[in-house]
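Everything on this sheet refers to the single structure shown next.
Everything quoted here is computed from the prediction, not taken from an experiment.
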Amino acid sequence: MRHDFDPTSMSMSHTLPWVEDLHGDADAMRHLAASSHPLVRRSVARARHLPLDVVARLARDDDRVVRLFLAESCEDAPADMLLEVWRWWDGSLSHPDRPRSHPSFPRTGLLRYTADPSGRMRRLAMDDPESTPVDVARLARDPEAEVRRRAAEDPRLSPADAVRLLNDPEAHVSDRAWTARIGRGRFSLGMGCVVAGRVGIPSVPER
């Protein structure tokens, strides 16, 4: 029986049960990681732990869904591959915030992405422990909304920048700024006027 398979499809996300049964067998994983069928390799990548040579092989797989599944499921996934997957994947319902939440995801050296052409990479700069309020202020003015949205939730954001992001033209940016300020109870007088406007409270008592 022949089954059509689209190797670019993300919908083929289930793990083949017979491969899953072999996840604890290192030799079987080595053999199956060399399979010519992407579904088999994707199922291997779903293992929580894999031999390092298998991880290295799957991390270079031409099928990016194999790399994605490795990032989502395998605790041994390498940092450089996790960073590569981050460039095009922001997390799924079943694995939210992966690969960024993976234990091996890079936590340092991210400031080098401050001026990266990709907004997704610029977002990471604020996660670097050496980043400063100056970096946050610069990225709060980024042309891409997702970068401003990340800056809006940063506790180092200045009151002036927070007010500006509360008025951001992109609703999901202003909403994030609103949620972040409410959660921390950090409102200046200027912010209070913005908040009043958002919830329909007159800033000056009516006479």
Side-chain angles (χ1 to χ4, degrees), residues 10 45-46 48-50 52 55-56 58-61 64-188 191 194:
M10 293 284 188
R46 282 298 191 191
R48 184 173 182 181
H49 291 287
L50 288 165
L52 293 182
V55 171
L58 296 179
R60 301 189 304 268
D61 200 289
R64 73 175 189 170
V65 183
V66 170
R67 305 195 304 276
L68 170 62
F69 288 179
L70 196 68
E72 289 185 334
S73 303
C74 185
E75 298 297 321
D76 309 302
D80 57 343
M81 188 213 69
L82 294 170
L83 203 56
E84 181 270 324
V85 172
W86 166 258
R87 284 186 176 273
W88 50 270
W89 190 256
D90 203 16
S92 62
L93 292 177
S94 58
H95 298 83
D97 208 28
R98 283 283 178 119
R100 188 177 168 193
S101 64
H102 193 286
S104 296
F105 194 86
R107 310 296 172 192
T108 60
L110 300 174
L111 274 176
R112 68 182 185 271
Y113 297 116
T114 301
D116 193 273
S118 168
R120 293 185 57 76
M121 303 307 290
R122 296 197 299 276
R123 285 163 57 185
L124 292 179
M126 288 174 275
D127 293 339
D128 193 301
E130 295 187 3
S131 63
T132 68
V134 174
D135 298 310
V136 176
R138 179 167 59 252
L139 293 167
R141 295 168 171 77
D142 195 272
E144 288 197 24
E146 284 302 319
V147 180
R148 300 196 304 276
R149 184 172 184 263
R150 167 64 183 86
E153 65 189 22
D154 197 294
R156 297 166 295 180
L157 190 69
S158 71
D161 284 330
V163 168
R164 189 168 46 75
L165 292 180
L166 283 167
N167 286 295
D168 195 276
E170 297 291 340
H172 66 292
V173 175
S174 58
D175 288 347
R176 178 57 61 91
W178 161 270
T179 302
R181 298 299 111 179
I182 286 288
R184 299 189 185 100
R186 297 177 62 181
F187 281 95
S188 66
M191 286 187 205
V194 175

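- Taking both residues in full, the closest heavy atoms of A45 and S73 are given as O-CB, 3.9 Å, listed atom of the first, atom of the second, then distance.
- Rounding to the nearest 0.5 angstrom, the gap separating the CD atom in E144 from the OG atom in S118 is 6.5 Å.
- The shortest heavy-atom contact between L166 and A177 is CD2-C, 3.7 Å.
- You'll find the side chain of R64 stays beyond 4.5 Å of the side chain of W89, heavy atoms only.
- Checked options H102, R67, R46; the residue passing with E72 is R46 (criterion: side-chain hydrogen bond (donor to acceptor under 3.5 Å, both in side chains)).
- In this structure, L139 and R122 have side chains that are in contact, with non-hydrogen atoms separated by less than 4.5 Å.
- Heavy atoms only, all atoms of each residue included: P103 and R98 are closest at CD-NH2, 3.9 Å.
- Summarising the geometry of A151 relative to A140, their closest heavy-atom pair is CB-CA, 3.7 Å, with the distance given to 0.1 Å.
- Under the 4.5 Å side-chain criterion, counting only non-hydrogen atoms from C-beta, D161 is in contact with R141.
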Exercise. After noting the C-alpha distance and the side-chain angles of L68 and W88, does the key distance pass the side-chain contact (heavy atoms from CB on, under 4.5 Å) rule?
Worked result: CA-CA 10 Å; L68 170 62; W88 50 270; 3.8 Å; yes
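- Taking CG of D135 as the reference point, atom CG of L110 lies at 11.5 Å (rounded to 0.5 Å).
- Checked for salt-bridge contact, D127 and R100 meet the test: a charged N lies under 4.0 Å from a carboxylate O.
- Salt-bridge annotation for R112 and D128: absent, with no side-chain N of the basic residue lying under 4.0 Å from a carboxylate O of the acidic one.
- Contact between E170 and A145 at its shortest, heavy atoms only, is CG-CB, 3.7 Å.
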For this session: Give the C-alpha distance, both sets of side-chain angles, the deciding distance and a yes or no for side-chain contact (heavy atoms from CB on, under 4.5 Å) between M81 and R60.
Result: CA-CA 8 Å; M81 188 213 69; R60 301 189 304 268; over 6 Å; no
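- Taking every heavy atom of both residues into account, P99 and L82 meet most closely at CG-O, 3.5 Å.
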Problem set entry | Test log, rule side-chain contact (heavy atoms from CB on, under 4.5 Å), inputs F105 and L124 | CA-CA 11 Å; F105 194 86; L124 292 179; 4.0 Å; yes
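- The closest side-chain heavy-atom distance from R123 to R149 is not below 4.5 Å.
- Residues L157 and R181 are in side-chain contact: their nearest non-hydrogen atoms beyond the backbone lie under 4.5 Å apart.
- Looking only at distances, a side-chain donor or acceptor of R156 sits under 3.5 Å from a matching main-chain atom of M126.
- Ion pairing between D90 and R120 holds under the 4.0 Å rule for side-chain N and carboxylate O.
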